[in-house]
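Encoded as structure tokens, the structure appears first; notes follow it.
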Amino acid sequence: MQTPDNKAASKRPWWRPRLKPTVWTIVGLLGFCIVVMGVSAVVAKMSVDSLMDDARALVEDIDDADATAAHVDDMRGSAQAMHIATAHPIWRASEVLPAVGDDLRAVRLLAGAADTLIADVAAPLLEFDLASIGPTDGALNVDAVAQLGQKIEQVAPVAEETDIRLIAEGLDADGLLAPLREPVEQVTNGLSTFADAMRRLAILSPQLSTMLGGEGPQNYLVLVQNTAEMRTLGGNPGSLLMLTVDQGRMEITQSAGQADVNSGRPEPVAPLTESTNALYTDRVGRYIQDTTMTPDFAQTAHLARAFWSDTLGDPGNSVIAIDPVLLSYILKATGPVELVDGTTLNADNVVAELLSNVYARYPGNTASEIAAQDEFFAMAAGSIFGQLTSSQGDFFSLIQELTKGFNEGRILYAPTDATEAQAVSGTRFGGPLTVQSNARDTRIGVFVNDNTEGKLDYYTDMSVAVASDVCTAEEDATFTVGTTYNYNLQPEQVEALPLYVSTGRYFPRGVKSTNLVFYGPVGSTFVSAKLDGQDFVPQAGANDLGRQAVLVNFESDPGTTHTVEVKFSAPADQKYGPLDVRTTPMIEKVPVNIDSPGCG
């Protein structure tokens, strides 16, 4: 006979006795996972902080081999700890969670990439003693540079594979939480840039010794662009130098001005493209000063070599273009240099000395004064190049300054060697518009060409604003490019200007004529233009470098500002990368503002 208690027990569901321990098991597992994830997140965060601290310290101590080795060991440990903290099964399982899953996955992928890059790329590279490159006794160590090249060859495939792996994983920063979005985008973009640079350096590696004169003297034709008279690529290249590099030692072995290369000939020195002729006229091939009007530096280099060889002989192995602002960056790293005439050039005064003071000293009233200007340019550039291999300055700082100049378009390079050409293809060495696709980035160009015959661009600056609906348009996307061009010379300054600065030959003294050339994205078409708010018909237009381009000319009185707005359109169904605006590298940095709603 069943008792009441037994009856109650028989009616209780069979699973009820097991429910309580099962619930506690689940709660315990969840609690364990939360604790593991919390600890992992803390470890990952601490590792990232430690990694960044060591990276900053590494930059400061890069010239100290022992300190560099210690920082690299610490960075390797931090990266490994971060990788371990995010690679376990519980972290991976948590990636299925809504809202935060994608963010956890992004952290794991980047932690793995960081571990690989530091252990297999950065550490082997930083084992190399950069101080061994020199300079020593006025020369770079060619053998040490070759050894560094071999190191780069070894690690470059790892960097590229890591970049490809992240791309294949489909890591998309746009879908992440706000605090992670920008850092992830910066890291992925930085990795792509780094991997590309390593790949190019690996291609170049076998050629490095030859480029530095290790197998015999190498000659480089250098165009010193005068940014007081603007051209698309930077300035009037009226001063030409032959830079000879022999066993790591640099020397200017010949210099020339416009008169020495028969500038002003009746016919172009070499054939021009149809689009160059339409936009810039045949002046590009008749005057050495106008060879940099085209944004295609390969064409500029071809013309410059033709000018030189026509009257002076062998034009060398490659063509380099630089400007006074780049020279100021070099002097910032190497320290000041004293010229044979007693002038001291430093990072603060070199631009003013080369682009303004020289004309007060040699006004250009006679042929001998014009020749003296060219001689001063050559003397300054030659002394600064010499400083590169005689200074005991910070090598890493020099690399940083040269990189800054490269990113601003102030260093251009066109080699004749096929290996070198492959290594620099598609980079800013070839000019601002080398890429003929919008897939990776959607480039727009705004370029300045002086039309006055003077040096009045010393008194100008410009800003650019771009607005586009490329990320929201259903049919044609529009790209509206606005510029504000300031002519800062004041009326009371005109009378004191040296003749060579304001010749008064084609325009009244002090009045400036400017050509702005606008390039739309690849495949775009010109829609309209406005000058100072009024509809305007451009003076020239063509399809150049796969892009629609138009030229707008205007005159400026001293102390005035002009605004120009040009609109392009392009099919919305193309693939468009982020908007990127390329401008002429002026004396003052050109501020750029981009407004593209919906693009993130």
Side-chain angles (χ1 to χ4, degrees), residues 163-164 166-168 170-175 185-186 188-193 195-197 199-200 232-233 273 275-276 279 294-299 406-409 424-447 464-483 516-529 538 541-551 565-584 590 592-600:
D163 183 41
I164 291 171
L166 279 183
I167 293 173
L171 185 58
D172 183 11
D174 291 342
E185 188 171 12
Q186 288 177 344
T188 53
N189 290 342
L191 173 56
S192 292
T193 301
D196 183 60
R199 178 182 65 81
R200 293 178 184 279
T232 291
L233 292 176
T273 66
S275 56
T276 295
L279 282 168
T294 167
D296 180 10
F297 186 61
Q299 184 176 194
F406 169 78
N407 289 333
E408 293 176 2
V424 303
S425 174
T427 70
R428 292 197 75 151
F429 279 127
L433 300 176
T434 53
V435 177
Q436 303 302 302
S437 168
N438 298 318
R440 183 157 185 168
D441 54 57
T442 305
R443 292 185 188 173
I444 291 169
V446 182
F447 305 120
V464 178
V466 175
S468 176
D469 60 357
V470 64
C471 292
T472 57
E474 296 181 0
E475 295 182 3
D476 285 352
T478 60
F479 303 85
T480 302
V481 188
T483 65
L516 289 187
V517 186
F518 296 79
Y519 282 73
V522 172
S524 63
T525 57
F526 167 71
V527 176
S528 63
N543 190 287
D544 189 33
L545 302 176
R547 305 163 184 274
Q548 187 71 45
V550 295
L551 181 150
E565 180 184 284
V566 175
K567 183 180 291 187
F568 299 93
S569 69
D573 58 358
Q574 295 184 22
K575 182 179 180 182
Y576 292 96
L579 286 173
D580 181 22
V581 179
R582 298 291 172 90
T583 68
T584 294
V590 179
V592 173
N593 181 68
I594 296 175
D595 181 21
S596 52
C599 292

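Residue numbers start at 1 and run along the sequence shown.
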Grab the two heavy atoms, one from [X] and one from [Y], that are nearest each other, plus how far apart they are.
X	Y	value
R547	R443	NH1-O, 2.8 Å
P571	G523	CD-O, 4.2 Å
F526	Q548	N-CG, 3.5 Å
P597	T472	O-CG2, 3.5 Å
V522	Q574	O-OE1, 4.0 Å
N543	S275	O-CB, 3.3 Å

For V470 and T442, what are the C-alpha separation, side-chain angles and deciding distance, and is it a side chain to side chain contact (heavy atoms under 4.5 Å, CB included)?
CA-CA 10 Å; V470 64; T442 305; 5.7 Å; no

Is there a side-chain contact between [X] and [Y] in this structure, where contact means two heavy atoms from C-beta onward sitting under 4.5 Å apart?
X	Y	answer
Q299	T273	yes
P432	F447	yes
T483	L516	yes

Run the ring-centre check on Y519 versus F568 and record whether the distance is less than 6.0 Å.
no

Rounded distance (nearest 0.5 Å) linking atom [atom1] of [X] with atom [atom2] of [Y]:
X	Y	atom1	atom2	result
L279	L551	CG	CG	7.0 Å
F297	L433	CZ	CG	14.5 Å
S528	E565	OG	CD	7.0 Å
S468	I594	OG	CD1	9.5 Å
D196	T427	CG	OG1	8.5 Å

Give a yes or no on whether the backbone of A465 and the side-chain of N593 come within a donor-acceptor separation of less than 3.5 Å.
no

Side chain of T434, backbone of G426: donor and acceptor closer than 3.5 Å?
yes

Please lay out, stage by stage, how T584 and T232 fare under the test side chain to side chain donor-acceptor pair (under 3.5 Å).
CA-CA 5 Å; T584 294; T232 291; 5.1 Å; no

Partner of L579 under side-chain contact (heavy atoms from CB on, under 4.5 Å), picked from I444, N438, V592, is I444

